Amino acid sequence: MLIHHVLKVLCAMLVLVACSFHAPAWYGLSDEAPPDLGGTSGSTSGTSNDAPPDSSSPDPGSSTTGGSASHGEGSSSEGAGDDGGKAVPVEVEISFLNPSPMIEVGEVQVSVWTSRPVASVDIFNGDAPLVLGAAPQNPVHVFEVTSDDVPGDGTHTIRAVAHAADGVSGEDVEALTIDVQPGGTDVWPPYVKAGPINGFTSAAIRGNGIDVAGYFETKDGLEAVAVRIDGTKGQPEGEPIELGSVAVTGGGRGPAIAVGDEDDAAFVAWTMPDSGSTRWAMSRVKFGEGKEPTTIGGLGSSVNAITVDGDVLILVGADEVNAGTHDLKVWWLSATGGQVLDEQTFAAPGEDDFFNEWDEVARGVAIVDGEIVVVGERQILGNNNQLVRRTIVLQYGLGGEPLAEWTSSGELLDEDAGMAVAPLHAGGFVVTGWGRDKGSIRQVLTRWFSAENETGTLRIEPTPSNDAIGFAIGEDREGKIVIAGALQQPKTDANAWIFAIPGPVGVPVWEVIRNGPGQGPDEAAGLALDAWGYAYVAGSEFDELQPRAFALRLYP
């Protein structure tokens with residue numbers, strides 16, 4: 001068998017040399033989009049495109065990494081070959097640049113080897129065409145495996161029909177098994193940090209894994225911390241980095257983390273106690289080296305979220321005006337030195353709030369289409385001259401210039417608040433948080449905004465008997481919206497709630513409810529999505545009488 005294989009390779013190499021001035025037999029990568037599947041083959045002489053797979057098709061459970069292939073001998077003898085006018089058969093082999101079974105969402109690259117140059121290639125999934133009349137290159141075709149679209153789970157018969165310019169065709173058939181895990185299931189066992197009081201409150205993708213921010217109990221009290229978690233094993237890399245005393249914690253309150261352009265740099269912002277009040281604090285972190293000097297804000301300030309734009313950091317939160325009353329604040333900082341470059345304040349106009357007694361707080365921030373989008377909540381006068389909280393959306397240029405301002409009209413519920421914002425692949429952004437009628441409980445409320453800054457659909461997750469809130473949001477590669485938050489269920493307990501929705505309408509695609517072992521407020525406070533759509537979730541859950549931190553990685 002080895003001698004036969006070597007002779008076969010030598011013969012193929014001789015054919016390749018003879019044809020090297022016409023076209024390569026092992027084709028190069030393509031940057032072109034595949035043709036419309038409704039088109040027709042560029043060359044249909046020889047073997048029919050609609051012919052069933054050869055009876056020598058491999059067993060569905062066989063390897064799909066290239067191994068043995070059945071070679072079509074060609075069914076046309078009209079073309080003039082290189083052997084004295086006799087048609088020369090075209091041998092074909094399919095290979096996939098993916099393992100089988102394929103257990104993760106992503107691309108499947110279909111490459112085709114031919115024993116001599118061909119003009120075009122057709123690729124079929126069973127009888128359904130994937131591409132017709134494709135240029136002979138490597139890969140000939142790339143299709144997407146997703147968790148809920150075709151081609152989906154199961155064994156697929158991939159057939160390639162190659163058409164030579166002289167009318168001779170050949171084909172091969174290979175089996176590809178796809179076994180993507182259901183959305184929302186664990187990729188690795190959830191990481192849980194037991195011990196003293198601790199919890200994670202924010203997460204950001206960096207390389208193969210996440211950087212998380214949170215709080216731990218130390219001999220000096222609660223400290224803001226940064227932790228690096230490996231994306232393959234789901235375990236911390238090194239020891240937590242202690243940052244400083246923390247005054248407030250939890251979803252929508254921080255500590256918050258963001259990653260910069262450098263592969264090994266992260267930025268953590270938190271609210272620290274000071275003289276009976278608070279100040280925001282920020283430190284640059286390089287895992288393996290520790291934190292750098294801390295930048296501290298003014299007395300009475302607090303920070304709830306952070307993002308990075310090149311060498312500039314954007315912090316959002318509030319300045320305390322009176323006890324329980326704040327003005328919304330945005331700060332621009334140097335990512336290299338920590339100096340405050342600019343700041344913006346939002347408060348109700350004096351003619352509406354003469355004594356500045358209404359509360360305004362920023363909760364989330366994101367860079368969307370070259371603009372900074374800040375979301376939060378503000379108080380305004382509602383029906384019967386009652387103060388109600390409403391979502392506010394502020395947009396700024398990257399340099400800090402105000403661009404737009406929008407406040408919820410409360411069209412469906414008396415009150416609502418924006419807790420997090422994320423850009424959409426198609427343009428625009430999406431905001432999540434909560435909404436409720438006065439005297440009622442909160443429900444997760446999500447709004448869509450178009451690329452033209454027009455408010456779109458509003459969606460409410462109906463939890464009429466359970467208080468619920470969305471703390472973090474993102475869009476995965478399939479266009480699903482993933483929300484992380486908390487759901488009170490039953491009334492004496494609260495569970496971390498992570499779910500994915502198809503868009504403004506439709507039932508959730510998947511959901512995960514994580515209930516800690518103790519009775520207390522469990523919450524999924526941080527969310528990060530990688531390029532493949534996997535959801536990393538960080539939060540805290542109660543064990544006995546104290547919280548413990550957890551981190552999950554979920555299939556899309």
Side-chain angles (χ1 to χ4, degrees), residues 186 188-204 210-229 234-236 239-257 268-273 278 281 302-305 363-364 419-420 434 442 444 466-472 483-499 512-528 535-554:
D186 294 321
W188 30 254
Y191 166 72
V192 176
K193 178 172 175 51
I197 294 172
N198 60 82
F200 294 145
T201 53
S202 181
I210 54 172
D211 296 346
V212 294
Y215 56 92
F216 288 173
E217 185 179 44
T218 71
K219 57 181 175 53
D220 298 319
L222 286 185
E223 296 267 333
V225 296
V227 181
R228 170 71 181 166
I229 296 182
Q235 294 295 314
E239 294 296 320
I241 299 175
E242 295 182 14
L243 302 171
S245 298
V246 60
V248 293
T249 63
R253 292 166 293 177
I257 195 166
V268 180
W270 69 99
T271 302
M272 61 181 293
T278 60
S302 58
V303 61
N304 296 322
R363 299 289 183 183
M419 301 296 290
W434 58 267
R442 297 173 297 181
V444 174
N466 299 305
D467 190 72
I469 185 170
F471 290 127
I483 298 173
L487 176 67
Q488 186 171 308
Q489 189 181 23
K491 291 184 178 180
T492 57
D493 194 11
N495 301 328
W497 189 22
I498 312 107
F499 59 96
V512 174
I513 295 178
R514 184 169 179 84
N515 185 8
Q519 295 292 308
D522 310 331
E523 61 183 28
L527 172 70
Y536 293 79
V537 182
S540 63
E541 59 188 24
F542 254 66
D543 179 16
E544 301 298 337
L545 297 176
Q546 61 186 25
R548 63 184 192 182
F550 73 82
L552 312 174
R553 185 186 182 195
L554 304 174

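Keep in mind that the numbers below use all heavy atoms, side chains included, and drop hydrogens, waters and symmetry copies. Quantities reported herein were computed from a predicted structural model and do not represent experimental measurements.
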Steps toward side chain to side chain contact (heavy atoms under 4.5 Å, CB included) verdict (Glu242, Thr218): CA-CA 9 Å; Glu242 295 182 14; Thr218 71; 3.7 Å; yes

Stepwise, does the side chain to side chain contact (heavy atoms under 4.5 Å, CB included) test hold for Phe216 with Leu222? CA-CA 6 Å; Phe216 288 173; Leu222 286 185; over 6 Å; no

Side chain to side chain contact (heavy atoms under 4.5 Å, CB included) between Val225 and Ile241, intermediate numbers included: CA-CA 5 Å; Val225 296; Ile241 299 175; over 6 Å; no

N/O donor to acceptor pairs below 3.5 angstrom from side-chain atoms of residues 243-251, sequence neighbours left out:
none

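Residues Val212 and Ile257 are not in side-chain contact: their nearest non-hydrogen atoms beyond the backbone lie 4.5 Å or more apart. Under the 4.5 Å side-chain criterion, counting only non-hydrogen atoms from C-beta, Phe471 is in contact with Glu523.
Atoms CG and CD1, from Leu487 and Ile469 in turn, are 11.5 Å apart once rounded to the nearest 0.5 Å. Annotation: the span from Gln235 atom CD to Ile229 atom CD1 amounts to 8.5 Å, rounded to 0.5 Å.
The two residues Ala224 and Trp270 make their nearest non-hydrogen contact at CB-CG, 3.7 Å.
Scanning for ring pair (Phe, Tyr, Trp, His ring centres under 6.0 Å) contacts around Trp434 gives an empty result, with sequence neighbours left out.
When the shell of 6.0 Å around CD of Glu239 is examined, it contains 12 or fewer heavy atoms from other residues, nucleotides or ligands.
A cation-pi arrangement is present between Arg514 and Phe550, with the terminal nitrogen or guanidinium carbon under 6.0 Å from the aromatic centre and inside a 45° cone about the axis. The cationic group of Lys193 does not satisfy the cation-pi geometry with Phe200, failing either the under 6.0 Å distance to the six-membered ring centre or the 45° limit from the ring axis.
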